[in-house]
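Scroll down for the structure; my scribbles are underneath it.
Below, chain A is the first sequence line, B the second, and so on; all start at residue 1.
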2 protein chains.
Amino acid sequence: MPPQSATSTISLSVIKTACSNCNLRELCLPFGLSLDELERLDDLVSTRRRLKRGEHLYRSGMPFDAIYAIRSGFFKTDVLLEDGREQVTGFQMAGELLGLDGISSEHHTCNAVALEDSEICAIPFSRLESLSREIHTLQHHFHKVMSREIVRDHGVMMLLGTMRAEERLAAFLLNLSQRFTARGFSHAEFYLRMTREEIGSYLGLKLETVSRAFSKFQEEGFIAVQQKHIRILDVNGLKALMNHRA
Amino acid sequence: MPPQSATSTISLSVIKTACSNCNLRELCLPFGLSLDELERLDDLVSTRRRLKRGEHLYRSGMPFDAIYAIRSGFFKTDVLLEDGREQVTGFQMAGELLGLDGISSEHHTCNAVALEDSEICAIPFSRLESLSREIHTLQHHFHKVMSREIVRDHGVMMLLGTMRAEERLAAFLLNLSQRFTARGFSHAEFYLRMTREEIGSYLGLKLETVSRAFSKFQEEGFIAVQQKHIRILDVNGLKALMNHRA
DNA sequence: GTGTAAGCTTGATCCAGGTCAACCGAAATG
DNA sequence: CATTTCGGTTGACCTGGATCAAGCTTACAC
């Protein structure tokens with residue numbers, strides 16, 4: 001449901017350090033830049049960093065000074081209530097950005113955790129702001145990225161506010177599939193990086209409900225599930241689930 | 001729960017047309033600007049517009065070219081699913097911005113409807129972008145506003161994903177109260193501009209459940225309700241509702 | 001390898017909130 | 001002023017998903 005990016009294929013060949021050579025650049029920030037502008041962009045990224053599965057990229061409350069572009073890997077962001085309740089606010093994959101929520105208060109307002117070994121680029125926010133004062137295209141693209149995040153969140157609100165359990169899971173699978181496709185991976189077959197509990201938290205359901213819905217979808221022939229391995233057999237079946245009433 | 005602004009009091013005296021004289025300016029966009037910068041800001045606003053209760057400011061799908069600052073009045077934004085289901089994504093009051101979601105696709109992605117007679121300023125987005133390339137403070141403030149919207153949405157996701165009916169309504173009332181306070185109105189007494197059904201849609205509940213929760217709060221002495229008129233009698237009572245488990 | 005823990009599935013039961021329905025009050029309309 | 005309509009309240013009942021519980025599978029530690 002909430003689209004996060006929609007660009008074509010990526011060959012995962014050579015990886016150099018420069019932004020101007022980053023094959024994820026279409027997905028992260030700039031495109032349509034001149035050669036000169038592309039070169040100046042390389043100043044933008046200060047650090048690359050690898051994270052092991054389970055490691056935090058940042059934690060709620062930490063001072064904010066950079067946003068992060070995911071080069072490879074998979075993340076979740078979550079918010080914790082004082083009483084221990086957790087809400088997963090999103091799952092992010094290669095080519096997507098993390099940390100936009102921190103701009104408002106200059107502190108991060110959620111936790112970002114790697115769900116598999118990952119690699120990120122840190123983009124110091126003040127540098128991004130000054131560069132985007134000079135490069136119109138960059139500025140505009142950044143605003144679009146922030147706005148897209150707002151639209152995505154509205155999609156999640158719709159999902160949590162009006163959909164029933166199976167619709168939510170169908171929407172979730174279709175969204176993942178669509179994002180994998182945009183990155184040149186199979187749209188029909190993928191490994192989930194998150195647990196049933198994390199999916200449940202994101203969708204406002206308990207893990208048992210998620211598990212039951214997976215089984216139901218399998219019985220109906222929409223998907224084949226084996227633990228974290230998912231194969232989508234009938235996209236239209238899943239889509240149909242979402243459309244006619246509840 | 002999701003804070004939308006936190007600034008001090010406002011005297012609702014003289015209203016002139018210029019942005020530089022707008023007494024809502026702290027809440028909308030710029031502050032900390034030089035006199036010179038303030039004057040240039042007046043170029044930003046192209047149109048003022050009055051809307052009657054029930055009128056749409058914009059509709060989903062319409063081309064986006066401006067964001068809107070609310071001078072007075074009260075709005076809701078909502079998204080409609082093909083099958084007729086509605087999700088209210090937010091309520092906005094004087095001093096808040098509307099339309100940020102439209103930047104991403106250059107089309108509005110939700111409807112904005114006045115819930116009472118209202119007045120807005122249209123801020124052409126391209127002009128905002130070019131001015132914020134020149135005025136650092138404006139740029140930074142705008143980014144904070146967008147980011148705050150994302151944080152607010154995460155708060156709503158938390159609410160929809162993890163809270164039970166009464167917690168949701170308590171959070172909603174406390175949030176409204178806090179925002180009225182920030183605008184110099186009474187924090188303890190106000191009129192709701194929206195129906196029970198709209199509150200329910202926002203909170204992921206049915207109108208009957210909202211109504212019952214209001215009655216329950218009244219029985220317990222936390223509030224006094226009479227239709228749309230609300231008096232908060234025990235803020236701590238409401239806060240307590242939210243904290244200990246569900 | 002073997003043991004253990006973490007994650008997943010499935011069944012049985014329960015309850016918060018949805019659904020359906022009746023009624024009431026306020027405010028808009030003629 | 002009478003009438004209709006819209007929004008709100010309250011009750012009775014029902015159900016989707018939560019909760020509790022048991023067993024299974026996979027992956028990791030030793």
Report the distance from atom [atom1] of [X] to atom [atom2] of [N], rounded to the nearest whole Å.
X         : N       : atom1 : atom2 : result
Glu167(B) : dG17(C) : CD    : C1'   : 14 Å
Leu205(B) : dG8(D)  : CG    : P     : 15 Å
Tyr191(B) : dA26(C) : OH    : P     : 12 Å

Can you check whether any acceptor in the base of dC20(C) is under 3.5 Å from a donor in the side chain of Glu208(B), or vice versa? yes
Base dT19(C) to side chain Arg212(B), donor-acceptor N/O within 3.5 Å cut-off: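 Looking at the base of dT19(C), it does pair with a donor or acceptor on the side chain of Arg212(B) (distance under 3.5 Å).
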If you measure from CD1 on Ile199(B) to CE on Met194(B), what distance do you get to the nearest 0.5 Å?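 So the gap between those two atoms works out to 5.5 Å.
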Among dA16(C), dT9(D), dC20(C), the one nearest Arg164(B) by side-chain distance: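 Between dA16(C), dT9(D), dC20(C), the one nearest the side chain of Arg164(B) would be dA16(C).
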What's the closest nucleotide to the Arg196(B) side chain, out of dG8(D), dT9(C), dG17(D)?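 Side chain of Arg196(B) sits closest to dG8(D).
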Taking any heavy-atom pair under 4.0 Å as a contact, classify [X]: base, sugar-phosphate, or nothing.
X         : answer
Ser211(A) : base
Gly200(B) : nothing
Leu207(A) : base

OP1 or OP2 of dC6(D) versus the side-chain N and O atoms of Thr195(B): is any pair under 4.0 Å?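 For Thr195(B), the contact criterion (side-chain N or O under 4.0 Å from OP1 or OP2 of dC6(D)) is not met.
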dG7(D), OP1 or OP2 - any side-chain N/O from Lys228(B) closer than 4.0 Å?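 False: Lys228(B) side-chain N/O out of range (4.0 Å or more) of dG7(D) OP1/OP2.
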Are Lys76(B) and Glu86(B) ion-paired here, with the side-chain N under 4.0 Å from a carboxylate O? yes
Considering only NZ, NE, NH1 and NH2 on the basic side and carboxylate oxygens on the acidic side, decide whether Arg193(A) and Glu116(A) come within less than 4.0 Å.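 Salt bridge present between Arg193(A) and Glu116(A).
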Any side-chain to backbone donor/acceptor pair from Arg183(A) onto Ala94(A)? Under 3.5 Å, distance only.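 The answer is yes, because a donor-acceptor pair under 3.5 Å joins these two groups.
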So which one's nearest nucleotide on DNA chain D is more toward 5', Gln226(B) or Gln227(A)?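 Its nearest nucleotide lies further toward 5', so the answer is Gln226(B).
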